[in-house]
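Below, read A as the first sequence line, B as the second, and so on, with proteins coming before strands; counting in each chain starts at 1. Any value given below was found using the heavy atoms of this structure, including those in side chains, with hydrogens, waters and symmetry copies removed.
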Protein chains: 2
Amino acid sequence: MQTLAEFKNLIHLSKRQICEEIFSENADKIKVKKPERVVKNLAKIFDATLSISNAKGFQAMSLRDLSEASGLSMGALYSYFTSKDELVHMIQEQGRRVTTRVLTEHIEAVQGALEQLRAVIVAHLYISEVLQPWFYFSYMEAKNLPKKQRKEAIVSELGTEKLISDILIQGQTQGIFRLTDPELSAALVKALLQDWYLKRWKYRSRDISVETYAGTVLEWVERFVLV
Amino acid sequence: MQTLAEFKNLIHLSKRQICEEIFSENADKIKVKKPERVVKNLAKIFDATLSISNAKGFQAMSLRDLSEASGLSMGALYSYFTSKDELVHMIQEQGRRVTTRVLTEHIEAVQGALEQLRAVIVAHLYISEVLQPWFYFSYMEAKNLPKKQRKEAIVSELGTEKLISDILIQGQTQGIFRLTDPELSAALVKALLQDWYLKRWKYRSRDISVETYAGTVLEWVERFVLV
DNA sequence: GTCTATACATAGATAGAC
DNA sequence: GTCTATCTATGTATAGAC
């Protein structure tokens with residue numbers, strides 16, 4: 001099984017690079033034009049947003065809180081987004097893009113249903129480890145978002161689940177897996193994957209590493225799906 | 001396996017009864033004195049609170065929202081609680097009391113580790129089905145609560161998990177179960193239990209009944225823990 | 001017991017100086 | 001580009017009539 005360190009090397013996912021992507025996607029809405037400055041300040045803004053929101057909720061985070069934590073004045077903040085809703089949208093959009101890319105790349109890198117199942121499980125756990133604040137935020141705030149963004153979140157949730165159920169179905173037609181309901185099985189796998197980033201405080205306090213967790217999930221799933 | 005209908009008959013859990021308990025626990029803080037009236041209005045207030053909060057978040061629910069949805073004026077609301085924090089505390093407290101009672105009763109009703117494991121899994125799924133809005137609320141809002149209440153929520157989370165891990169350990173010493181890490185296994189079981197009430201929209205849209213879900217979880221868990 | 005009216009604080013957002 | 005000062009809306013909570 002791939003380790004987290006190997007995974008990190010493979011994906012080259014720097015905070016800087018993510019913010020650069022966000023900048024180029026939202027260049028029209030961001031009033032500041034000097035790329036280097038934008039990237040630096042966006043990183044501060046996103047970090048602070050995730051940190052405060054994950055502690056007490058996005059709605060409860062005032063822009064004065066954000067101003068203080070990010071080190072930018074309220075006026076300056078509004079040079080990087082035009083409303084609180086737009087801020088959360090930028091964050092959501094970018095996290096989804098990265099996640100989808102990483103998962104599909106890891107699935108396509110290997111052959112065979114069992115290998116692909118292992119790949120998607122491990123990749124999901126590792127990417128949620130690397131981007132834990134984003135995953136937690138995304139899960140917890142989804143229901144509080146404006147309607148359009150809520151829809152996007154649901155599509156995304158079902159999308160990753162379909163990656164898993166497709167693999168399960170493929171394995172079943174190949175005679176490798178045996179399942180009564182691949183969709184339900186995929187949902188349960190997803191639940192195990194999500195618990196990692198939802199309860200990270202618990203696993204950390206028990207010194208459970210993501211590799212240990214991944215190993216256990218793989219055992220559970222394989223014992224259930226394999227013929 | 002017990003059905004949901006049988007479970008409901010067994011626990012005699014009426015909304016009315018729950019609100020009566022809340023009343024007697026908080027008689028000092030509630031200004032209205034006529035029991036019948038209090039119970040009726042508390043039910044309206046709690047229903048509306050859970051419904052609005054689960055749609056857009058407790059913090060985003062204004063007391064004007066709550067006033068409109070419950071049919072009570074803002075002034076009247078404050079006859080039943082003295083602050084928004086106290087309202088959420090009443091709700092949390094009561095749900096926890098009911099849940100703990102139901103789970104321990106169901107565990108103590110049967111003998112043997114495997115039977116107890118089955119009992120706690122099914123009971124947890126069923127009680128979270130009956131009180132779904134409360135479970136969802138409790139999970140989603142826990143991190144946004146004031147410090148003292150947040151602690152209580154964590155204690156409660158770890159408490160139910162310990163019910164499971166104790167059973168696992170007991171089964172292991174009896175030679176019925178084989179596990180490398182009972183605590184981690186209990187955590188994974190809990191994750192599966194929680195997914196039921198966290199994603200109920202998904203399971204409902206797929207016509208998965210709680211009995212079907214319970215059956216699948218039992219299969220997964222048994223295949224993993226049994227020697 | 002419940003209502004309406006209102007006090008007071010804090011929220012998001014913007015204008016204009018630098 | 002960023003700041004301070006400020007506008008307006010909305011929040012929680014309460015007072016006092018009924």
Worksheet item: Rounded to whole angstroms, how far apart are NZ on Lys84(B) and P on dA9(C)?
Response: 19 Å

Worksheet item: Which of the following nucleotides, dT4(C), dT2(D), dA13(D), is nearest to the side chain of Tyr80(A)?
Response: dT2(D)

Worksheet item: Which listed nucleotide (dC3(C), dC3(D), dG1(D)) is nearest to the side chain of Leu72(B)?
Response: dC3(C)

Discussion item. Please report the distance, rounded to the nearest Å, between CZ in Phe81(A) and C1' in dG1(D).
Written reply: 15 Å

Worksheet, complete the sentence: Per atom distances to the Ser73(B) side chain, the nearest of dG12(C), dC3(C), dT4(D) is dC3(C)

Fill in: 5' priority, DNA chain D, between Val38(A) and Asp65(B) [closest heavy atom]
Val38(A)

Worksheet item: Counting just side-chain N and O atoms, does Asn41(B) come under 4.0 Å of either OP1 or OP2 of dG1(C)?
Response: no

Practice prompt. Would you check if the distance from the ring center of Tyr126(A) to the ring center of His106(A) is below 6.0 Å?
Written response: no

Worksheet item: Between dG1(D), dA13(D), dA13(C), which nucleotide gets closest to the side-chain atoms of Lys34(A)?
Response: dG1(D)

Discussion item. From CE of Met74(B) over to P of dC8(C), roughly how many Å is that when rounded to an integer?
Written reply: 16 Å

Item to complete: Taking only the side-chain nitrogens and oxygens of Tyr78(B), find out if one of them lies under 4.0 Å from OP1 or OP2 of dT14(D).
Response: no

Worksheet item: Taking the six-membered ring of Phe81(B), is the NZ or CZ of Lys29(B) close enough (under 6.0 Å from the centre) and on axis enough (within 45°)?
Response: no

Worksheet item: Do Arg64(B) and dT12(D) have a side chain to base donor-acceptor pair shorter than 3.5 Å?
Response: yes

Item to complete: Go through the N and O atoms of the side chain of Arg37(B) and the base of dG1(C), and report whether any donor-acceptor pair is under 3.5 Å.
Response: no

Fill in: Between dC3(C) (P) and Leu77(B) (CG): distance, integer Å
9 Å

